[in-house]
Amino acid sequence: MTAPNLIVTASPHLKDKDTTPRIMWTVAASLVPVILTSAFFFGISALLVITAATAGALLTERAVGRPNALKDGSAVITGLLLGLSLPPGIALWMAFLGGAFGIGFGKVIWGGLGQNGFNPALIGRAFLQTAFPVAITTWPKPGGNFFALKGDLFAFPFMHPSSDAVTQATPLGLFKFEKQLTPIVDMVLGTTGGSVGETSAVVILLCGAYLAWKGYLNWRSPVSILLTVFVLGFVLHLINPAKAPDALFQLFSGGLMLGAVYMATDMVTVPTTNKGRWVFGIGTGAIVVVIRVYGGLPEGVMYAILIMNAFTPLINRATQPAVFGTRTLKQKEAK
Amino acid sequence: MTAIHVDAAPDATEPIVPGAPPPQPLWLDFWRGIAEDNPVMIQMLGLCPSMAVSNSLENGIGMSAAVIFVLVCSSLLVSLLRKVIPGEVRLASYILIIATFVTISDLVMQAYFPALSKTLGPFVPLIVVNCIILGRAEAFAGKVKPVRAVADAFGMGVGFTLALCTIAAFREVVGNGTLLNHPLFGPNYEPWNFMIMPPGGFLTMGLMFLVMGWWGERQKSKRAEVTP
Amino acid sequence: MILQAILILGGTGLVFAIFIAAANKKLKVWEDPRIDVVSAMLPQANCGACGLPGCRAFAEKAVGGEIQPSKCTVSNAERIGEIAHFLGVDAGQAVKRVARLACAGGSNVAMQRAEYRGLNTCEAATAVAGGGKGCAWGCLGFADCERACTFGAISMTAEGLPVVDVEKCTACNDCVVACPKQLFSLQVLDHALFVQCKNLVHGDGVLEQCTVACTTCGKCALDAAPGLISVASGVAVINYDKIAEAEESATERCPTGAILWLRGAQFARVPALSSSEAA
Amino acid sequence: MAFFGFAHGVHPPEEKGLTSGLPIRRMPYPDELILPLRQHAGKPAKLCVKVGDYVERGDPVGQADGYMSVPIHASAAGTVSAIDLWPHPDGSYVQSVHIKVDTYALQAARPRLVPQWEGLTVEQVIKAVQEAGVVGLGGAAFPTHVKLAPPKDYAVHTLIINGAECEPYLTSDHRTMVEFPERVHFGCRVMMHTLGVTKAVIGVEKNKPDAIEALERTKPKDLDITILPLTVKYPQGAEKMLIHAVTGVEVPSGKLPVTVGVVVQNVGSLAAIAEVFDTGLPLIERIVTVTGHGLKRPANLIVPVGTKLKDLLAYCDGVTPNAREVINGGPMMGMSVSNLEAPVLKGTTGIVVLTDEEVRADTVYPCIHCGRCLEACPVFLNPSWLGDLARVKRYQDMADEHLADCMLCGSCSYVCPSNIPLSQLFQASKVALRRIQTAGAA
Amino acid sequence: MSGHEHSHGAPEAAVVDAGSSSVRLIATLAMFGALAGGILAFTYQKTLPPIRKFAGERVEVAVREVLGSPAKLDTLFLVGDKLSKTPPPGADPLEAVKVFIGFDASGAPIGVAVEEKAPGFSSDVVLMVGFNPQTSALTGFKVLAQTETPGLGDKIIKDSSFARQFPGKLVTPLKGDKSATSDPSTVQTITGATITSKAVIKVINKAVETWKPRLDAYAKEGGK
Amino acid sequence: MISNLAWIFFSTLLINNFTLAMFLGLCPFFGVTRSVDTGWRLGAANTFVLVITSISAWALNTYVLVSAPYLRTIAFIVVIASMVQIVEMVIKKTLPTLFRELGIYLPLITTNCAILGLALFQTTRKYTLLEGIVFAIGAGLGLTLALSLMASIRERMDVADVPALARRMGLVMIIASCLSMAFMGFAGMGSG
Ligand SMILES: Cc1cc2nc3c(=O)[nH]c(=O)nc-3n(C[C@H](O)[C@H](O)[C@H](O)COP(=O)(O)O)c2cc1C
Ligand SMILES: Cc1cc2nc3c(=O)[nH]c(=O)nc-3n(C[C@H](O)[C@H](O)[C@H](O)COP(=O)(O)O)c2cc1C
Ligand SMILES: Cc1cc2nc3c(=O)[nH]c(=O)nc-3n(C[C@H](O)[C@H](O)[C@H](O)COP(=O)(O)O)c2cc1C
Ligand SMILES: Cc1cc2nc3c(=O)[nH]c(=O)nc-3n(C[C@H](O)[C@H](O)[C@H](O)CO)c2cc1C
Ligand code: SF4
Ligand code: SF4
Ligand code: SF4
Ligand code: SF4
Ligand code: FES
């Protein structure tokens, strides 16, 4: 018998076939239908913005991240989601900067993949929101020629973009500042103003359902967010319909779907326990509604998720299940 | 327990004050505050004003001036009075001294630099509790001779000024496109408001630490190269 | 107006001074101020080599006269002198000890039986069939000790053996604890006789595993003072109680170099010197 | 049919089909047997032969060294050819007795070495079991006589028999239950009698319907034995999980099963007890599943204890050219073997040979905090956090986070998409913690 | 700890604070307090005039700006619910609630200026509002205090085209709109700072609403 | 009345959080946030001192300083410092372990901007005694919240593979930046 050239490894010697890159790339791929829908509504502008944000994210990861970090696919998701959360008419240099900031300060500095405490895409967006508040709240009208640019996309870097595009307030903005309601159908289908990825709730839900079925996203956070927003929205609307829009409007407006399905499920920045995911979701949903109804901003999904990201370590601590046998041990001691 | 047998009594000329800094040349007392014991960057004290008023260089300069004034005056006085003040009311006395100088500088600022005083707002009276000043009184001025106390205070003040003004200049340039209110990049510059808001303050400070960290790492690897 | 101000502040000062004076009488906790001073003079490495949970604990004991300043192995002689002078006590004497490695089986001389794949730490590899190294006692070379040494005294050779810089080593014991194969021990620097092998397999068969292993041929024991060296357990063992009788001649007939006469750093006689050793 | 199970756990591919249909065959004696004196949990046996001695099959070569120890017996007649340090499957070197098998000996039945069971007192049974060198065959090789004499302050009410065999690939327990159900029941009878319990439950994963059927068919009428089908899930066979599935009770952390009134025995151990009292010979052979895609002819074999792995694999027509890893035990809990000179021990449940492609991938990604390991860990630890702590060597903090409750089942490593060798980290940390504690105590 | 006992015998006892007597402690603190009080009162006396001067000047500059450089200014104080030329007894004229009336070179009234505030995005927006009490037409406004978001809310100061819209608008009341309009009582709000823009409008409406009746009443009574 | 108090409480806690939005009390925010336990204990101590401060400041304002407002800073600080020193002595005597843990930060609580800041804001906003106390509790819990969040994130970062150059304080500042960015979501609350 020929003796094999032996290898020794640690047990277990079997391994589930899911790997981190596989999960990441699948999630990235699942965003393709969402991106195509955006392109349908906003034309080439949507694609340009997403490309710029992704380029910012990838180049930064390449330049300052760990070697080979691009291969795991997480930076692509960050870039795509950032692009999807920006207005389609934003200057490309800003989108690029957002991607770079999100990866640089939202991820690499923390130690790279898996270590960051806040959602990098949202850190990038929050930075842009604070840095360039006007540019990021200028919402071009959807539709029109596919190749028409929806704003001053090619503004010179670091220079002020001139906004002469036709704008249309978002349904949430319209409600908050003009007290006008937008028909739900428009929002479900995505024919309203808003950021690139706010277009079609249905497509996002379908992609999310696919991922949940594959086990790549944990359904608890999105479901608890959507449920909380619905219930709170319903109650507040009953109390004060002038201030709080109805629950369905809450569900289908703004970035709620994208946030709930893709951002509140980023395993890195949400609790690791299932109970914790419920807490996270309920907290996020509640903050979303509170900001929308009582806050100064029309939309609160980004801030809600970031705030709950901050609470994630505390939630993890609080929702750790009792170790097997410790409960009986306590009971025994009590006796 | 075993009693200690004392053969070598401590130096009789200068009584040993617990925790007193070892004697040093005067310029080192001064230099320490600027470099290796920089109050902001190394000791991480006095962070509140460094963040709160550092959104424009003008504010930074005004704040620094007030801090240097208070720091030097109170260190001098604390050092002069170090033998008079009983240990139990040490802190309270220091604070009284510091608060007096702070109030003076606040009143003077209100009277002669009203606009600056308005933008600095409560952060001038808050110099009282700026950890640097009390920290220096407690750790240094209360234990050494006046000359050293003043040298140290001045060094700390300059160190604070350097840190604060660097942060302030950076924030103003990026966040507003101006330096001391002069536009730098022309009218079309899109200012990064982020920088002059609270998160920008933290970020700028973070950037300074990153630069320091990077420098430290570089030094370390250089040293490693020299002595393989 | 001035009078009013004087009254207000003077009064406030008075009231609180009375409070503080009262509280002071009742509540003061006395602590020897020299503890702070000594604590500040210590290296603050909190390494625990002195056997106490940290530098402050050491300072407390030193001030209390319960420990000699020299028991801090990290401070240099000068510093220890200062502390002793400040406390007015005898510094005590320290014998310089260093960490020594009981293995010389680098990758050039020791056989590897199976390829190990997994975490690159000695600790983890030990758990996987001993890391696949032919010799079950030998150094795995994943440098757990190097990482454990807070004084940067350990560096790995190209053959994967840790070299201890005897100047930098403070005998803090960290590497002794870190090595899962328990290969390090603290030895008096001046004790030159040392066995750098732990393989218990008897006879020349052991050379299959490692060419610098102890074959228990017993030549060293024969050449040494009686009772100084024994080979009964499967490897040469030195009785350090009799170290005064040791002579270099005991090592001269060793066919493998497992026992050696050490001056300064270890591995001076290992033929293929690593770059860091050569410098 | 209701199934019983536990929370969490994983579903690795089973691969039991390679051997589950193959009847148990006897392996012929090899030329040389290696009998390490340390084969069981507890104190190693004390050598009682010298080189040149002739031993008969079943003669002791090592005596029990105290209560927490069992003797080692020669598995074949032959000459003691050497006594030296020899490779052990766990990678260390252990003092072992080499026996040059006497090819001309009959290796036949001898006068009883172990007395008849009928009529023995409880103490006599326990003594006989110890002298027969019986240990748990479920893997841990814990001396069985110790388990037969639980401390008097606990009232044992149930004997649980572990027929789960949740490890993928392994089928030795499965085949034992299918082919020797009477032995299992007989072993059960001995144990119930000795423990003084009236109730026994045999837990079998429901993926072995033929075993359940065989056990049901041969169930003695006079004993209260329940055969309980269990959910198919790893690690269903872990003692605490099994007890939870059967009784619904959690064994307190850090405590033994007796504290909740149960004793767990592996079916193989029961069959071994039955065999010992039946044949009168001590434990000198066991059923081993030799399997894996890297092996040419997988089989369930009765193997003399002490057979070198080399010889065992050769008997199975050797390994395929792409075989790279040999595992002692199942692929989830078993250990890689670095030296095929090492022998089969009393506790060897199976030998699995993996091919090149099956060897676990090397690339480790950072933990993405996906929480899969938390959902896999059957004892509700937080392997992700423990892994982080292990990486920065915060062992004391790990102990505070209940590292001691980790049973190294490997479920967490199995599911981790980042391929982090969590259970390896925990195993190493446990060792390190022990070392640090002894260093601290010294 | 045992250190306490041995220290008494050791010469280092000099190092150790022997524990000051309570009297000394109390005396020190009280004396320091008194001294500090004295010094501060002195400084305060010296700096008070310039501080007050500045405060007065600041208001005056704002008033002049919103009224378009009047030749002459009159100050009326609110006493109870009535306006009067003298401040309420005992009150500091600087702190009192008041209204300024501006006159051009010919002595004809141009308008009045009042200070008013309302909550903006972060906190109160404080304005000096100038308007003509007869026609309710605005003469202008100046921001006295605000802490709105830089780059957004602070455009009410920095964006001159916003402030330029106001002179001449009729407060009947004033309204805001997102798009440019030529409506005489509507101004265009700043994109991205609707809330702050609306706060400005709120302040102006409030100023006119509360002060117009008072001024009317004062005028009716013949300006006494 | 109740809603006014509730508003003071929540706005101080979340919207104008002392640490994250007003830059007060940063020294302990960066200095004592290595572990959640210490963080929240310091927060609790701070809240306690803040309440004492609020009451003292109110008393000084109403009874002593009416005629000499320019002595405010000095009077506040002296009174607060003395109060804290007394409290410190009590803790040192009764809870030595707690004292050891919070080390030099206990006296530094006095000289923490948040304390004097609270007294000054309370004065300029003309809060009543009750409002002042609610304000102090809100501010204290806000500090505690910021400290606990920071500490919990830092605990997690302790085991992360942070690049060497960010290890000392760099990352901590960036965490603060992210936290303060997140809490900007509450900005403008109550205005809309
Ligand atoms: C009375 C009694 C005492 C036991 N004492 C121990 C012991 O001290 N240590 C131990 O590991 N197992 C002891 N066991 C056996 C355990 O319950 C368990 O079966 C054994 O650890 C093997 O379990 P495993 O294969 O799941 O690891 C004892 C069992 C009994 C009945
Ligand atoms: C993770 C894990 C899985 C186990 N799986 C099995 C199993 O499938 N079958 C089994 O008999 N023992 C299994 N064991 C061992 C049992 O816990 C227990 O030790 C054994 O059933 C006791 O019986 P024994 O002493 O007769 O071997 C497993 C142990 C662990 C820790
Ligand atoms: C961080 C932040 C600060 C803001 N500050 C202000 C502000 O000071 N004043 C203001 O009117 N709007 C501010 N806004 C924007 C408002 O919430 C709101 O979006 C805007 O007033 C709507 O104006 P629009 O309808 O013209 O876009 C801010 C938004 C953010 C995200
Ligand atoms: C379901 C899922 C959702 C994700 N969501 C985000 C996200 O919202 N933002 C982001 O930057 N990365 C996201 N990622 C990618 C990755 O987790 C992220 O880049 C890490 O935070 C980087 O450490 C997601 C990944 C998965 C699998
Ligand atoms: S001496 Fe020990 S710790 Fe160091 S490399 Fe060798 S095996 Fe590892
Ligand atoms: S770790 Fe070992 S080599 Fe390093 S200083 Fe300590 S004793 Fe010496
Ligand atoms: S190896 Fe330990 S931590 Fe991992 S799943 Fe098993 S019991 Fe849990
Ligand atoms: S399964 Fe792996 S990646 Fe997921 S949380 Fe656990 S250790 Fe981290
Ligand atoms: S400067 Fe504000 S707490 Fe230190």
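Just so we're clear, the structure is a prediction, and the values are computed from it rather than from any experiment. By convention in this document, chain letters (A, B, ...) are assigned in the order of the sequence lines, proteins followed by strands, and residues within each chain are numbered from 1.
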Portion of [X] that has a non-hydrogen atom of chain A nearer than 4.5 angstrom:
X	result
D:Tyr169	side chain
D:Glu375	side chain
D:Cys409	neither
D:Tyr365	side chain
D:Asp405	side chain
D:Met335	backbone

Highest number of heavy-atom pairs under 4.5 Å with chain A: which of [options]?
options	value
D:Pro12, D:Cys370, D:Pro366, D:Cys367	D:Cys370
D:Gly371, D:Gly294, D:Pro421	D:Gly371
D:Lys240, D:Gln427, D:Glu358	D:Lys240

Any side-chain heavy-atom pair of A:Leu113 and D:Ile368 under 4.5 Å = yes
Side chains of D:Leu374 and A:Gln320: closer than 4.5 Å at any heavy-atom pair?
-> yes
Looking at every non-hydrogen atom in both residues, tell me the closest pair between [X] and [Y] and how far apart they are.
X	Y	answer
D:Pro417	A:Lys15	CA-NZ, 4.1 Å
D:Val337	A:Val8	O-CG1, 3.7 Å
A:Leu6	D:Val326	CD2-CG2, 3.9 Å
D:Glu325	A:Ile7	CG-O, 3.4 Å
A:Leu14	D:Pro168	CD1-CG, 3.6 Å
A:Ala322	D:Phe380	O-CB, 3.4 Å

Interatomic spacing from CG in A:Asp266 to NE2 in D:His369 - rounded to 0.5 Å = 11.0 Å
Interatomic distance, D:Asn419 atom CG to A:Asp16 atom CG [nearest 0.5 angstrom] | 10.5 Å
Whether over 12 other heavy atoms sit under 6.0 Å from A:Arg62 CZ = no
D:Asp31 CG: over 12 foreign heavy atoms closer than 6.0 Å | no
A:Phe324 and D:His244 aromatic ring geometry - parallel, tilted or perpendicular at 30°/60° bounds = perpendicular
Indicate yes or no for a side-chain donor-acceptor contact from D:Ser336 to the backbone of A:Thr9 under 3.5 Å, with no hydrogens or angles considered.
-> yes
Counting distance only, does the side-chain N/O of D:Ser423 pair as donor-acceptor with the main-chain N or O of A:Ser11 below 3.5 Å?
-> yes
Do A:Thr326 and D:Ser253 have side-chain N/O donor and acceptor atoms under 3.5 Å apart?
-> no
Evaluate the side chain to side chain contact (heavy atoms under 4.5 Å, CB included) criterion for residues D:Val352 and A:His13: first the C-alpha distance (whole Å), next the side-chain angles of each, then the deciding distance (0.1 Å), finally the verdict.
-> CA-CA 10 Å; D:Val352 182; A:His13 305 278; over 6 Å; no
What residue in A:Asn274, A:Asp72, A:Val270 has the most heavy-atom pairs under 4.5 Å with chain D?
-> A:Asn274
Between chain D and each of A:Thr272, A:Asp18, A:Thr20, count heavy-atom pairs under 4.5 Å; write down the option with the most.
-> A:Thr20
Under 4.5 Å to a heavy atom of chain D? For A:Arg277 that would be side chain
Please state whether the side chain, the backbone, both or neither of A:Asn218 comes within less than 4.5 Å of a heavy atom of chain D.
-> side chain
